[in-house]
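Below: one structure, written as structure tokens.
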Amino acid sequence: MIRALILSLALLSPHALLADPPQIVAVKVRDSGMGWDISVTVQHNDTGWDHYASGWEVLDEAGNRLAYRKLHHPHVTEQPFTRSLHSVLLPDGTRKVYIVAHCSTGETSTPVKVKLER
């Protein structure tokens with residue numbers, strides 16, 4: 001009985017109701033000559049400062065962070081939205097990266113694999 005009550009309360013908490021992870025809708029990469037320009041389109045049900053897409057990162061195949069784009073505010077009325085990083089320097093020989101979006105409450109998107117072609 002107590003377990004059921006605790007589970008019910010957890011399911012009714014605001015974060016549980018809003019705990020949808022951000023989704024990456026699109027990624028564009030372009031060799032800029034001095035690195036890579038990376039544009040990421042994110043979809044997330046931002047509700048305000050308590051729950052919003054807070055950034056996205058570029059990872060190598062081993063999961064090491066190569067770059068990070070912080071999102072400085074909620075995008076409640078702008079969905080989906082695109083933000084970019086320019087002249088991202090990647091290690092020589094990098095052929096693919098993974099993009100992961102983050103939420104202010106800790107959720108992350110499914111990693112999106114991006115092939116790099118020069």
Side-chain angles (χ1 to χ4, degrees):
M1 175 78 171
I2 292 177
R3 285 185 188 164
L5 179 60
I6 292 171
L7 179 60
S8 296
L9 290 173
L11 291 174
L12 292 175
S13 76
H15 289 297
L17 293 174
L18 300 172
D20 57 323
Q23 295 179 353
I24 297 174
V25 177
V27 177
K28 293 182 182 179
V29 295
R30 184 179 68 84
D31 181 356
S32 67
M34 292 296 291
W36 293 86
D37 292 341
I38 303 172
S39 296
V40 177
T41 303
V42 176
Q43 173 75 45
H44 185 263
N45 292 327
D46 289 10
T47 60
W49 288 104
D50 60 330
H51 189 227
Y52 68 100
S54 58
W56 53 264
E57 63 185 336
V58 181
L59 305 173
D60 66 12
E61 291 186 82
N64 299 306
R65 182 182 280 181
L66 303 173
Y68 184 75
R69 174 58 158 94
K70 181 172 178 58
L71 300 171
H72 296 279
H73 58 85
H75 295 86
V76 176
T77 60
E78 181 189 0
Q79 292 290 328
F81 61 93
T82 303
R83 297 296 180 269
S84 302
L85 282 173
H86 299 284
S87 300
V88 176
L89 298 177
L90 301 175
D92 288 340
T94 302
R95 301 274 188 257
K96 61 184 154 188
V97 295
Y98 295 84
I99 310 296
V100 177
H102 294 264
C103 174
S104 62
T105 59
E107 292 86 19
T108 59
S109 69
T110 301
V112 172
K113 180 170 69 172
V114 180
K115 293 181 181 178
L116 304 173
E117 298 178 7
R118 293 192 180 254

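As the structure is a computational prediction, the values presented were derived from the model and not from experiment.
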Taking every heavy atom of A53 against every heavy atom of V42, the minimum-distance pair comes out as CB-CG1, 4.1 Å
A side-chain contact here means heavy atoms from C-beta on lying under 4.5 Å apart; do L116 and W36 qualify?
yes
Please report the interatomic distance CZ(R69) to NE2(H102), rounded to the nearest 0.5 Å.
13.5 Å
Looking at residues at least two apart in the chain, or sitting in another chain, which of them share a salt bridge (charged side-chain N to carboxylate O under 4.0 Å, His left out) with K96?
E61
Heavy-atom closest contact (T110 atom, I24 atom, distance)
O-CD1, 4.4 Å
Within one Ile-Leu-Val-Met-Phe-Trp-Tyr cluster: V97 and V27, side-chain cutoff 4.5 Å
yes
Of all the heavy-atom pairs spanning D50 and T105, show the shortest one and how long it is.
O-CG2, 3.5 Å
Nearest 0.5 Å, please: how far is CG in L71 from CG in D46?
8.5 Å
Students often mix this up, so state it plainly: with edges at 30° and 60°, are the rings of H51 and H44 parallel, tilted or perpendicular?
perpendicular
Evaluate the ring planes of W49 and Y52, with Trp represented by its six-membered ring, and classify them as parallel (under 30°), tilted (30 to 60°) or perpendicular (over 60°).
perpendicular
Under a 4.5 Å side-chain heavy-atom rule over Ile, Leu, Val, Met, Phe, Trp and Tyr, are Y98 and I38 clustered together?
no
Should the heavy atoms of other residues, nucleotides or ligands under 6.0 Å from CD of Q43 be counted, would the total exceed 12?
yes
R83: salt bridge (charged side-chain N to carboxylate O under 4.0 Å, His left out) partners, not counting sequence neighbours:
E78
Any heavy-atom pair between the side chains of E57 and L85 that's under 4.5 Å?
no
Separation of F81 CZ from T41 OG1 (nearest 0.5 Å)
9.0 Å
Indicate, with yes or no, if V100 and V88 share a hydrophobic cluster defined by side-chain heavy-atom contacts under 4.5 Å among Ile, Leu, Val, Met, Phe, Trp and Tyr.
no
dist D37:CG -> S87:OG (nearest 0.5 Å) comes out at 5.5 Å
Set of side-chain hydrogen bond (donor to acceptor under 3.5 Å, both in side chains) partners for T94, sequence neighbours left out
none
Heavy-atom neighbours of R95 CZ exceed 12 at 6.0 Å:
no
So how far is it from D20 CG to S109 OG, rounded to the nearest 0.5 Å?
12.0 Å
Work out which heavy atom in V76 is nearest to a heavy atom in G48; give both atom names and the distance.
CG2-N, 3.7 Å
With side chain to side chain contact (heavy atoms under 4.5 Å, CB included) as the criterion, how do V58 and I99 come out once you've worked through the C-alpha distance, each side chain's angles and the decisive distance to 0.1 Å?
CA-CA 5 Å; V58 181; I99 310 296; 3.7 Å; yes
Can you name the nearest heavy-atom pair linking H75 to Q79, along with the distance?
O-NE2, 2.7 Å
From L59 atom CG to N64 atom CG, the distance as rounded to the nearest 0.5 Å:
8.0 Å
Answer with yes or no whether the hydrophobic clustering places W56 together with V25; edges join I, L, V, M, F, W, Y residues whose side-chain heavy atoms lie under 4.5 Å apart.
no
To check you understand the geometry: which heavy-atom pair defines the closest contact between S104 and S54, and what is its length?
N-OG, 3.5 Å
